[in-house]
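Let me begin by presenting the structure, written as structure tokens, before commenting on it.
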Amino acid sequence: MLLSYYALKNDNLKNIFLINIICITGAAIGGTVIFIMSTVNHANVVDFMLSVPAIHTYMLDHVEAEMSANTFLALVTGPLFGVPYKLFAAFAPLYTNIFIFILFSIPARLIRFIIVSLMAYYFSHKIFKNLSLKVKTLIWLFVWMVVYIIYFSIHPF
């Protein structure tokens, strides 16, 4: 969400890609921490994940099934379909080592981050280029509200 706002306000693609790299680095660090914690005590990490709002056991079942079927494909494509990546990080130690996890985590997050950033950039600076920043921001807020209303209607608290 914040990456799209940055892209809405910033007309320099180089800066948008740079901020994506910074965010990917942070996401990789966060995923690595969850991976390590899960290696130490998987059950506690799963219990903790279930305490996070809108995380449900059916998501855990989905992640476990996807990781079991094809770990690498699951790591790359899983988060594209609304399942939080932290769940994949929690289950990854059961299926792969930390180096492979990190290697696959980067494109997994980068794909989604770049798509969202480029869409926001394109709409803001090409389609709606004549609108004021205030109007673009209101459109941005509306779009994200709709996204999260849909998401939380599918995955309620």
Side-chain angles (χ1 to χ4, degrees), residues 1-35 38 49-50 52-56 58-92 95-96 98-157:
M1 188 171 101
L2 292 176
L3 282 172
S4 64
Y5 185 65
Y6 183 82
L8 175 132
K9 292 181 68 174
N10 194 315
D11 65 351
N12 184 328
L13 278 174
K14 182 179 175 184
N15 288 343
I16 292 168
F17 282 107
L18 179 62
I19 197 73
N20 272 272
I21 297 302
I22 292 167
C23 290
I24 291 304
T25 303
I29 291 168
T32 301
V33 168
I34 292 171
F35 184 101
S38 187
M49 292 295 166
L50 287 171
V52 174
I55 301 292
H56 304 283
Y58 66 83
M59 291 175 166
L60 301 176
D61 295 339
H62 169 77
V63 168
E64 194 164 21
E66 292 297 309
M67 295 286 285
S68 173
N70 188 328
T71 302
F72 309 113
L73 185 62
L75 285 173
V76 174
T77 63
L80 295 174
F81 301 103
V83 178
Y85 197 70
K86 62 182 135 278
L87 301 181
F88 289 89
F91 279 89
Y95 299 97
T96 192
I98 194 164
F99 301 108
I100 298 295
F101 170 73
I102 293 169
L103 180 67
F104 280 83
S105 291
I106 293 167
R109 301 307 297 262
L110 189 61
I111 293 167
R112 191 173 87 187
F113 287 6
I114 292 290
I115 288 171
V116 169
S117 294
L118 289 178
M119 284 177 58
Y121 172 85
Y122 180 77
F123 279 104
S124 179
H125 302 288
K126 304 297 181 196
I127 303 293
F128 299 122
K129 66 182 175 185
N130 295 326
L131 296 179
S132 70
L133 180 59
K134 183 177 181 178
V135 171
K136 288 187 231 183
T137 301
L138 289 172
I139 293 169
W140 172 83
L141 282 169
F142 176 76
V143 167
W144 278 108
M145 284 174 42
V146 169
V147 166
Y148 280 106
I149 287 169
I150 292 169
Y151 183 83
F152 288 117
S153 68
I154 295 169
H155 309 290
F157 284 95

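Quick caveat, the model's predicted, so the values are computed rather than measured. The figures that follow rest on heavy atoms only: side chains count, while hydrogens, waters and symmetry mates do not.
In this structure, Leu2 CG and Leu8 CG are separated by 12.0 Å, a value rounded to the nearest 0.5 Å. The structure places CD1 of Ile21 at 8.5 Å from CD1 of Ile106, a figure rounded to the nearest 0.5 Å. Considering OG of Ser38 and CZ of Phe101, their distance stands at 9.5 Å, rounded to 0.5 Å. If you take CG on Leu87 and CD1 on Ile55, they are separated by 4.5 Å, rounding to the nearest 0.5 Å. To the nearest 0.5 Å, atoms OG (Ser153) and CD1 (Ile149) are separated by 8.5 Å. One distance of note links CG of Leu75 with CZ of Arg109; it measures 12.0 Å at 0.5 Å rounding.
Under the ring pair (Phe, Tyr, Trp, His ring centres under 6.0 Å) criterion, Phe72 pairs with Phe104, not counting sequence neighbours.
The two residues Ser124 and Lys136 make their nearest non-hydrogen contact at O-NZ, 3.0 Å. For the residue pair Tyr95 and Thr71, the shortest heavy atom distance occurs at CB-OG1, 3.4 Å. Minimum heavy-atom separation, Ser117 to Ala7: O-CB, 3.2 Å. Residues Ile24 and Phe113 approach most closely at CD1-CD2, 3.1 Å, considering heavy atoms. In terms of heavy-atom proximity, Tyr85 sits nearest to Ser105 at OH-OG, 2.8 Å.
For the residue pair Ser4 / Trp144, a side-chain donor-acceptor distance below 3.5 Å is found, with atom types taken as modelled.
Proximity of a side-chain donor or acceptor of His56 to a complementary backbone N or O of Pro156 within less than 3.5 Å is detected. Looking only at distances, no side-chain donor or acceptor of Ser68 sits under 3.5 Å from a matching main-chain atom of Ala65. For Thr96 (side chain) and Ala92 (main-chain N/O), no donor-acceptor pair under 3.5 Å exists by modelled atom type. A distance-only check finds a donor-acceptor pair linking the side chain of Asn20 to the backbone of Ile16 [under 3.5 Å].
Between Leu131 and Ile139, some side-chain heavy-atom pair lies under the 4.5 Å cut-off. Using a 4.5 Å cut-off on side-chain heavy atoms (C-beta onward), Ile114 and Phe17 make contact. Using a 4.5 Å heavy-atom threshold, the side chains of Leu13 and Tyr121 count as touching.
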Would you please test Ile111 and Thr77 for side chain to side chain contact (heavy atoms under 4.5 Å, CB included) and show each step?
-> CA-CA 9 Å; Ile111 293 167; Thr77 63; over 6 Å; no

Between Val143 and Phe123, is a side chain to side chain contact (heavy atoms under 4.5 Å, CB included) present by the stated rule, with each step listed?
CA-CA 12 Å; Val143 167; Phe123 279 104; over 6 Å; no

Is there a side chain to side chain contact (heavy atoms under 4.5 Å, CB included) between Met1 and Trp140 once you walk through the steps? CA-CA 9 Å; Met1 188 171 101; Trp140 172 83; 3.8 Å; yes

Between Met49 and Ile34, is a side chain to side chain contact (heavy atoms under 4.5 Å, CB included) present by the stated rule, with each step listed?
CA-CA 10 Å; Met49 292 295 166; Ile34 292 171; 3.7 Å; yes

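Counting non-hydrogen atoms of neighbouring residues, nucleotides and ligands closer than 6.0 angstrom, the CZ atom of Phe99 reaches no more than 12 such neighbours.
In this structure, Tyr151 has its ring center closer than 6.0 angstrom to the ring center of His155.
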